[in-house]
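Structure first, then comments.
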There are 2 protein chains.
Amino acid sequence: MGINERKTREKQALRDRILEAARRIVIREGFAALSMRKIADAIEYSPATLYLYFASRDEIARALCAQGYAQLLAGFEPLAQIADPAERLKALARAYVAFGVAHPQTYRLIFMEDPTYLGAALGGASEAEKASAGAANERANKPAGDPAAPQAAPQADAQLINPAASDDSSDAAMRLMVGALDELKAAGRLPASANGAVWAEALWATMHGIVALNLTCPVFPTSPLDTVIDAALDAWFGVREQPAAAPPAAARSTRARRPAAKPKAVDA
Amino acid sequence: MGINERKTREKQALRDRILEAARRIVIREGFAALSMRKIADAIEYSPATLYLYFASRDEIARALCAQGYAQLLAGFEPLAQIADPAERLKALARAYVAFGVAHPQTYRLIFMEDPTYLGAALGGASEAEKASAGAANERANKPAGDPAAPQAAPQADAQLINPAASDDSSDAAMRLMVGALDELKAAGRLPASANGAVWAEALWATMHGIVALNLTCPVFPTSPLDTVIDAALDAWFGVREQPAAAPPAAARSTRARRPAAKPKAVDA
DNA sequence: GTCTATACCTCGATAGAC
DNA sequence: GTCTATCGAGGTATAGAC
């Protein structure tokens, strides 16, 4: 079977070249500028050839999305070692924002374009129902043409598209947050009424909001980005002391005001 | 001059019809599906006619953006009357999220598409520099074709495009938030180190994150949206008591758990 | 002066020759 | 497997009829 294996390898190699070229285009010009013709030009093949490796431009987008998402999650793993739950959460939050700032176009593709892209990178089974179960006439980001768009058949080789990032890692990241929040609550540093899962989603939304506004809103932020991040983290965990004693608010402003080292977009 | 005035009125009327048709398309099918041909079909004119009233599709987008933004800001004004600063901030935050949920496509257009759209609705003068001053190769949402796209000449009748929403109201909304945060700080309900302007941006980011994830991320939220909003607001202001006395955390979970009345998307 | 009709471009996707 | 040729839909811009 050595011949078949070689052919499989070669097919995979061209597939990777396609994705690589697509990623470079997205990084340089944004996802909206990604076209099959540009990819074909970059790898010196005809546009039609791409359709032997990917069913559509959307499938390429889903693959890029899954890769980027895996990269984001991979950055979280070492942070699980941090002992103090509040510091662990802050490190996670800062890593999240840093990723968004460093890879703006990739972040956009993952979290700010078509919901089905990330949906495919996650469960795979659940995105279809979720996408159609929402509001009746809404959430449709680019239905454009016909109502029954080519939505099927991207499931065959999901494991191939999606090397390491599937639901498991995603859940792991969520568990990391929920666990830290529960530790904080157990230590009395969060209100007893707090629900870890809900607070985790709210904290995620906060960090997403900082990244997304930074990418899209021309007047955000007025203050340095790190200052805004620190303010949000202070609002969440910064100023609460051990359960009893200690002044209820005020004081404890001795935060390590990091020297505003603009990470600058690098992407890739 | 009555003849000229009539002509001006008629021109304005068709202009409004164009915008109205465009808004309906955006609401129903999303901004990505908005095309000059569709608008022309809807108002029963030829596509070329549109270019006599708007220089480009982008200019129509900017006008829609400005209208939607004005509507969002208008919803804030009555909330300025709320006496308690924390309740005022919570009401503002809930109104903000409610707008995003009720008008998802409009919200997308304002805050999640091209930064220059909102930029034009705000200062007008500042968006060009800001858009190009960012990262070198980034932030470009849809440069697509040629490098020197038609970016000029949308300034002539900005006041006509932008009936009520310009920088003034926008600043007013920001001042509303900053003022409330400063009141809270003065009352000792915020850390003394907190900066009102910075915290306002961070709080804005939090609400934007809730709306944006809700619109784009297939797995958000797991819990009901109102629960997530309440969690975020509790994290920010909910659990802090009057400066002294009272248990530092815990207790005070008697929030008016609103009955999860899904506002459902209506847009327009 | 206004608008219609049309030329010319790019795009995604496919059929069929090789 | 790969490419050429092509379809249909989208966009901008303009020549020229009314």
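Every chain is numbered from 1 and lettered A, B, ... according to where its sequence line falls, protein lines coming before strand lines. If you're wondering where the values come from, they're calculated on a predicted model, not measured in any experiment.
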Q. Once you round it to whole Å, what is the distance between C1' of C:dT10 and CG of A:Asp41?
A. 12 Å

Q.
Quick check on D:dG11: is either OP1 or OP2 less than 4.0 Å from any side-chain nitrogen or oxygen of B:Ser35?
A. yes

Q | Touch class at under 4.0 angstrom, heavy-atom based, for B:Leu34 against every strand present | A | sugar-phosphate

Q: Could you tell me the separation between the CG atom of A:Asp58 and the C1' atom of C:dC11, rounded to a whole number of Å?
A: 13 Å

Q: In whole angstrom, give the distance that lies between atom CE of A:Met36 and atom C1' of C:dT14.
A: 12 Å

Q. With A:Glu20, which residues qualify under salt bridge (Lys or Arg N to Asp or Glu O under 4.0 Å), at least two apart?
A. A:Arg23, A:Arg24

Q | Separation of atom CG in A:Leu50 from atom C1' in C:dC11, rounded to whole Å | A | 13 Å

**Q.** Nearest-angstrom distance from the residue atom CD1 of A:Ile39 to P of C:dG12
**A.** 8 Å

Q | Set of residues satisfying side-chain hydrogen bond (donor to acceptor under 3.5 Å, both in side chains) with respect to B:Thr222, sequence neighbours excluded | A | A:Glu201

Q: Scan nucleotides 2-9 of chain C nucleotide by nucleotide, 5' to 3', and note B when protein non-hydrogen atoms come under 4.0 Å of the base, S if they reach only the sugar-phosphate, - if neither.
A: -BBB----

Q) Can you list the residues that meet the salt bridge (Lys or Arg N to Asp or Glu O under 4.0 Å) rule with A:Glu44, with sequence neighbours excluded? A) none

(Q) If I take atom CZ in residue B:Phe31 and atom P in nucleotide D:dG11, what distance separates them, rounded to the nearest angstrom? (A) 10 Å

Q) By side chain to side chain contact (heavy atoms under 4.5 Å, CB included), which residues pair with A:Leu176, not counting sequence neighbours? A) A:Ala80, A:Leu92

**Q.** Spacing between A:Lys38 atom NZ and C:dG12 atom C1', to the nearest angstrom
**A.** 14 Å

Q | Modelled atom types, side-chain donor and acceptor of A:Asp58 and A:Ser56, under 3.5 Å | A | no

Q. Rounded to whole angstrom units, what separation is found between the OH atom of A:Tyr51 and the P atom of C:dG16?
A. 18 Å

Q: List in chain and number order the residues that pass side chain to side chain contact (heavy atoms under 4.5 Å, CB included) with B:Ala212, two or more places apart in sequence or in another chain; answer none if no residue qualifies.
A: A:His208, B:Met112, B:His208

